[in-house]
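First up is the structure itself, then whatever we jot down about it.
Everything numeric in this text was worked out from a predicted model, so none of it was measured.
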Amino acid sequence: MNGRGLILAAGIIAMAAAPAVEAKTTTKRIQATASAGPMKVRVGAKLSNYDLASRQHPVEIRVKGPSSLRVLSRYVFPGASTPAATSYRIRAEIDGVELRTSVESFGISKSAATEAGGRIGTLETTTIRVPTGDHRVHIFPIEDGATVALRIFRGTPASSKITWVSFQPEGYAEAARLQEKETESTVYRMTQTQPVTVTLRGPLRLRVSTRLDFDHTNGVTQSYVVPILLDGKPWKSFPLKSRSSHTAVYPDFPEIVPGQGKMIELAVPSGTHTISIGLEATTARGAAVKLRVPQRKITVQ
């Protein structure tokens with residue numbers, strides 16, 4: 001570490017940095033209008049209805065926006081094979097246009113199985129935003145031959161208020177002071193060769209706010225990708241788009257104009273894990289990261 005200084009866009013889980021306290025919201029399951037068929041998944045004594053999706057037969061839903069959609073997915077294992085934990089890519093398209101593609105990690109679930117007793121993957125969650133208007137959304141795995149079971153909900157789960165607090169990573173390129181309006185905070189810079197890394201004990205939710213660098217060669221809008229590794233393996237990937245901020249500055253780096261904050265939220269699984277937050281697909285020299293965790297969940301190992 002360096003000691004210097006302490007998508008239809010807007011469809012992905014990208015938004016301005018959220019306030020410190022999260023209020024209760026509601027969630028409602030959306031029924032598919034088309035799919036590769038139904039499937040029941042048993043978790044303990046409870047049976048839940050899922051819709052199957054493949055590349056050839058995606059799950060289709062009709063949605064009136066603006067709306068936030070929460071997509072729960074489980075990989076469906078073919079036959080009796082037992083592959084090691086790996087990942088699959090799941091894509092959402094809106095009115096025929098790609099909305100986002102994310103990488104979902106999975107292994108064989110220890111608590112869930114198909115109604116017939118077949119193996120099924122761990123539960124993974126992706127959140128997308130649908131813009132204003134009536135839309136047709138398709139969701140499916142990209143890989144040929146892959147099948148996933150999906151449950152899609154409008155909104156996010158109701159929860160008690162959460163106080164989010166800043167959390168310092170262990171690995172980063174350098175720390176920097178960020179001033180915005182009348183507040184000052186510490187952010188942690190990353191480059192395409194030096195990610196931000198942090199070790200956390202789950203389960204917990206981790207909020208990652210990123211600000212892309214702008215200078216006189218970058219214009220006012222840039223796209224970039226934030227790949228996330230979990231214990232050294234690809235976990236999720238977020239394509240983002242940012243504009244330069246008119247209210248934020250780096251006092252120690254006057255040559256860099258901070259981008260507007262873009263926030264993503266990760267569900268860290270149980271156990272102790274190392275998370276690596278990277279930067280790809282951009283000509284910017286770097287980006288700044290700020291991490292937040294629920295105050296009652298602060299645990300590091």
Side-chain angles (χ1 to χ4, degrees), residues 1-6 13-14 17-18 20-22 73 84-89 102-111 121-127 159-160 162-178 185-213 224-240 261-282 286-301:
M1 292 185 291
N2 206 321
R4 184 184 177 185
L6 277 159
I13 184 178
V21 176
E22 180 180 281
S73 63
T86 181
S87 62
Y88 59 95
R89 291 173 295 169
S102 63
V103 178
E104 303 297 329
S105 62
F106 74 95
I108 297 175
S109 175
K110 297 179 180 179
S111 60
T122 54
L123 188 67
E124 306 297 332
T125 304
T126 298
T127 305
S159 61
S160 58
I162 298 174
T163 300
W164 296 87
V165 296
S166 297
F167 196 89
Q168 181 177 348
E170 298 125 21
Y172 49 90
E174 55 193 344
R177 291 184 298 137
L178 174 74
S185 61
T186 300
V187 294
Y188 301 91
R189 294 185 46 74
M190 65 179 176
T191 67
Q192 296 196 50
T193 58
Q194 175 63 64
V196 165
T197 58
V198 63
T199 300
L200 295 168
R201 185 193 298 276
L204 60 72
R205 290 154 67 187
L206 172 65
R207 284 188 170 177
V208 181
S209 177
T210 63
R211 290 179 180 267
L212 192 66
D213 287 356
Y224 62 110
V225 175
V226 176
I228 310 291
L229 304 182
L230 182 69
D231 300 328
K233 298 179 180 180
W235 185 28
K236 298 179 183 292
S237 183
F238 298 91
L240 304 173
K262 296 294 178 179
M263 192 275 290
I264 60 180
E265 187 169 309
L266 303 171
V268 181
S270 298
T272 300
H273 302 281
T274 297
I275 298 166
S276 174
I277 302 158
L279 179 65
E280 294 179 349
T282 179
V289 172
K290 186 167 186 176
L291 306 179
R292 293 183 179 90
V293 296
Q295 187 174 40
R296 65 178 183 270
K297 287 284 190 175
I298 296 180
T299 307
V300 183
Q301 180 172 320

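- A distance of 10.0 Å separates CZ of F238 from CE of M263, quoted to the nearest 0.5 Å.
- Judged as a side-chain contact (heavy atoms from CB on, under 4.5 Å), and not counting sequence neighbours, the contacts of T282 are Q192, L212, Q222, Y224, L279, A284.
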- Message: Run F167 and V198 through side chain to side chain contact (heavy atoms under 4.5 Å, CB included) and show every step you take.
- Response: CA-CA 9 Å; F167 196 89; V198 63; 3.6 Å; yes
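- Of the N and O atoms on the side chains of T197 and S276, not one donor lies less than 3.5 Å from an acceptor on the other residue.
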- Message: Could you go through V208 and I228, starting from their C-alpha distance and side-chain angles, then the distance that decides it, and tell me whether this counts as side chain to side chain contact (heavy atoms under 4.5 Å, CB included)?
- Response: CA-CA 11 Å; V208 181; I228 310 291; 5.7 Å; no
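- Between atom CG of residue L178 and atom CZ of residue R189 there is a gap of 10.5 Å, rounded to the nearest 0.5 Å.
- Using a 4.5 Å heavy-atom cutoff, the side chains of V225 and S237 are in contact.
- By the 4.5 Å heavy-atom criterion applied to side chains, L229 and I275 are not counted as neighbours.
- For the side-chain hydrogen bond (donor to acceptor under 3.5 Å, both in side chains) test, residues two or more places apart in sequence or in another chain that qualify with T122 are E124.
- For S270, the side-chain hydrogen bond (donor to acceptor under 3.5 Å, both in side chains) test picks out no residue, with sequence neighbours left out.
- Taking CG of L266 as the start and CZ of R205 as the end, the distance is 11.0 Å to the nearest 0.5 Å.
- Checking side-chain atoms of D231 against main-chain N and O of H273 turns up no donor-acceptor pair under 3.5 Å.
- By the 4.5 Å heavy-atom criterion applied to side chains, M190 and I277 are counted as neighbours.
- Atom OG of S209 sits about 9.5 Å away from atom CG of L291, to the nearest 0.5 Å.
- Using a 4.5 Å heavy-atom cutoff, the side chains of V165 and V293 are in contact.
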